[in-house]
There are 2 protein chains.
Amino acid sequence: MNEEIVKRRATVHDVARAAGVSLATVDRVLNGRPGVRAVTAEKVEQAIAQLGFSRDLNASLMARARDLNVVFFIPDGTNEFMDSLAEAVQRRSPLALADRIHLSMRRVKALDAAGLVSGLNQLDAHSCDCAVIVSSDEPEVLAAIDAAHRRGVAVMTLVSDLPGSARRNFIGIDNGAAGRTAASLMGRFLPQGGKVAVVAGSLHLRDHAERLEGFRAALGAEFGAIEIIGPLEGHDERTETAAIIARLLADHADLGGLYNLGAGNAGLVAALEASGRSGDLRVIAHELTPTTRAGLRSGAIDVVLDQNPDGEIREAIAAARALALDASRTAATDPIEIGIFLRDNLR
Amino acid sequence: MNEEIVKRRATVHDVARAAGVSLATVDRVLNGRPGVRAVTAEKVEQAIAQLGFSRDLNASLMARARDLNVVFFIPDGTNEFMDSLAEAVQRRSPLALADRIHLSMRRVKALDAAGLVSGLNQLDAHSCDCAVIVSSDEPEVLAAIDAAHRRGVAVMTLVSDLPGSARRNFIGIDNGAAGRTAASLMGRFLPQGGKVAVVAGSLHLRDHAERLEGFRAALGAEFGAIEIIGPLEGHDERTETAAIIARLLADHADLGGLYNLGAGNAGLVAALEASGRSGDLRVIAHELTPTTRAGLRSGAIDVVLDQNPDGEIREAIAAARALALDASRTAATDPIEIGIFLRDNLR
DNA sequence: CTGTTAGCGCCTTCAT
DNA sequence: ATGAAGGCGCTAACAG
């Protein structure tokens with residue numbers, strides 16, 4: 001890779017010349033617009049393939065004097081992690097705009113499929129090139145994704161995937177791996193074995209279910225001396241989670257560890273501290289938020305597994321750009337890594 | 001952020017009109033070219049500030065029909081991590097080119113300041129906008145960075161920083177935090193305390209020294225029951241590291257843990273497996289490579305702390321772009337997170 | 001010292 | 001169904 005010959009990239013001019021047509025015709029083919037005979041289109045396709053032509057997205061956006069529009073649908077409510085995602089969108093906004101990508105955001109009621117669906121239905125290809133959604137797995141949503149896709153609006157899933165849908169990309173962590181990681185750490189923290197309680201938000205949430213499955217599998221395979229209590233469901237809600245944890249602590253004086261694979265961490269920390277046993281058991285939770293940070297600092301939480309909201313937004317934007325160039329395929333993106341945070345490597 | 005009014009970004013035309021000058025004059029001011037009276041320049045500056053004008057980098061690169069040139073200097077030798085960095089550069093190359101950023105790379109002898117210096121000295125602002133180097137802390141290098149900077153070539157440090165230099169950005173992890181993280185994990189893995197040996201490449205390497213410092217401090221503060229053996233230096237070299245580890249294992253039958261904060265992991269794994277005690281002690285190493293992956297899988301290594309070479313290259317490129325827009329300041333980049341890998345979350 | 005002009009790669013009227 | 005021409009934001013000759 002030292003001092004190579006620079007081959008100029010092929011341009012629309014090159015394609016036009018090679019195909020023996022005009023710029024306008026090439027453009028029509030490139031953008032799938034009508035008004036080109038099949039034979040002519042074929043000649044252009046040939047030239048494109050032959051020259052390995054790929055359109056310059058920046059020039060393209062500049063020429064049509066129109067930004068790429070990406071719309072984020074982020075759940076609203078009391079989930080701090082969703083707020084981090086929303087902030088990440090805001091933080092990226094000016095930077096994206098400098099590259100002609102216009103970000104907008106709609107906060108929609110959490111776990112309210114109807115609201116999300118109506119939001120998606122309002123989108124048309126003119127006002128939105130790509131919609132990025134965080135959604136639970138509901139048939140109406142799948143249908144809305146499909147419809148949006150047919151209207152020319154690409155849809156990507158964020159945080160929690162919808163595999164059966166027409167979504168183009170999924171941006172998020174491997175939740176099974178996250179569960180296995182939690183198991184692996186917990187197992188090493190408790191070399192003598194013991195009881196570990198598992199708390200979820202709801203097992204109807206795909207990411208939560210995947211985490212649980214991974215956790216169970218890895219504990220079973222590697223740390224047979226550990227007994228799982230639960231899972232119990234706290235519905236990602238502070239009070240309910242606190243009540244569950246309080247009960248667990250009361251019922252199991254010998255509890256060695258606790259894995260909260262959902263949200264509701266404020267309740268978890270409160271219950272732990274109220275019990276006076278904070279620090280006596282190994283605690284693993286998800287998502288770096290003000291609450292879990294405080295928990296790490298105080299010693300109530302040992303490890304937080306995080307999915308890096310800023311990285312997720314960055315990759316979502318990168319994917320949206322890639323899709324703008326070729327909507328027919330899934331865009332390649334850098335994987336989102338599972339962040340593992342202890343008190344000592346807090347960002 | 002729902003449906004806001006779109007204010008068109010200011011362009012050079014707007015600036016020219018506001019300042020009462022022509023495009024060419026604005027351009028001269030923007031690019032710091034001569035031929036503008038101080039008063040005129042002042043008017044232009046005013047207009048720029050007033051309109052909040054910021055140049056469109058993509059349009060700029062397109063207009064001058066010239067890619068942004070970023071040159072990476074990556075150490076050559078037997079260090080697998082450096083190979084990962086090199087591969088990351090190769091992987092990003094086509095993607096970067098699509099955005100008019102031309103990546104090139106020179107492999108230079110590891111820890112050979114003279115080679116790096118001569119490479120830097122060959123660079124001029126025409127052939128290279130930004131140089132990204134991995135270097136140990138030597139006065140000649142600092143001088144070369146300074147000289148390059150004065151020739152109009154921005155320099156960034158990667159992996160290991162050179163704080164006193166004219167480098168614009170540092171891309172890499174917080175090595176003190178990495179050492180503290182290792183300590184934190186090791187402490188939790190050995191709840192009864194015990195002996196932990198530390199092996200470094202060389203304490204003359206800034207990143208290694210920082211890791212050691214962090215490790216020591218965090219162990220001392222939180223896990224007083226752990227005794228540190230070492231540090232011993234293996235010079236990032238397989239055979240030497242193997243010999244050191246073999247000796248450590250022989251001398252300390254009760255060794256509970258091992259932290260290799262440098263490279264030479266092939267030697268570490270070999271010595272552990274030869275001793276028959278692989279899996280009996282908790283082992284923490286740095287950088288995800290074929291060797292450390294195998295070590296994680298076999299159980300010889302418990303945890304690998306990683307600095308995500310692909311992410312580092314991505315951020316280096318992002319920073320280079322930002323510097324192209326404003327070379328006078330340090331570019332804002334996403335921080336590189338310390339990856340923590342166990343057998344169960346291997347990518 | 002300053003302004004005019006053509007053109008980078010692409011898209012979009014408007015003609016033909 | 002196809003082409004010619006102008007313009008997006010910026011830069012680089014080339015004139016004055």
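Lettering of chains follows the sequences in order, A, B, ..., and the numbering in each one begins at 1.
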Return the value, rounded to whole Å, for the distance between atom [atom1] of [X] and atom [atom2] of [N].
X      : N      : atom1 : atom2 : result
B:D67  : C:dG9  : CG    : C1'   : 13 Å
A:M62  : D:dC8  : CE    : C1'   : 5 Å
B:I48  : D:dG9  : CD1   : P     : 16 Å
A:H13  : C:dC10 : NE2   : C1'   : 9 Å
A:R17  : D:dG3  : CZ    : C1'   : 16 Å
A:L57  : D:dG9  : CG    : P     : 16 Å
A:L325 : C:dG9  : CG    : P     : 16 Å
B:D56  : C:dC10 : CG    : P     : 16 Å

### Message
Under a 3.5 Å distance rule, please check whether B:R167 uses its side chain to pair with a backbone N or O of B:D161 as donor and acceptor.
### Response
no

### Message
For B:A319, is there any backbone N or O sitting under 3.5 Å from a side-chain donor or acceptor partner on B:T333?
### Response
no

### Task
For B:S118 and B:N121, test the side chains for any donor-to-acceptor distance below 3.5 angstrom and give the result as yes or no.
no

### Summary
Which of D:dG3, C:dC11, D:dC8 is nearest the side chain of A:R55? It is C:dC11

For a quick test of reading the model: is some side-chain N or O of [X] closer than 4.0 Å to OP1 or OP2 of [N]?
X     : N      : result
A:T40 : D:dA1  : no
A:R66 : D:dC8  : no
B:S60 : D:dT11 : yes
A:R37 : D:dT2  : yes
A:T11 : C:dG9  : no

### Query
Mapping B:S22 and A:V12 to their closest nucleotides on DNA chain C, which lands nearer the 5' end?
B:S22

### Task
Within residues 23-36 of chain B, find the residues that approach DNA chain C with a heavy atom at under 4.0 Å, and present them sorted by residue number.
B:A24, B:T25, B:R28, B:G35, B:V36

### Task
Measure the spacing between CG of A:L95 and CZ of A:R314 and express it to the nearest 0.5 Å.
11.0 Å

### Query
So A:D56 and A:M62, side-chain contact (heavy atoms from CB on, under 4.5 Å) or not? Walk me through it.
CA-CA 10 Å; A:D56 181 327; A:M62 184 169 103; over 6 Å; no

### Query
Would A:L120 and A:F73 count as a side-chain contact (heavy atoms from CB on, under 4.5 Å) if you check the C-alpha gap in whole Å, the side-chain angles of each, and the deciding distance to 0.1 Å?
CA-CA 9 Å; A:L120 280 175; A:F73 289 87; 4.1 Å; yes

### Task
State, yes or no, whether a side-chain contact exists between A:L97 and A:I101 at a heavy-atom distance under 4.5 Å.
no

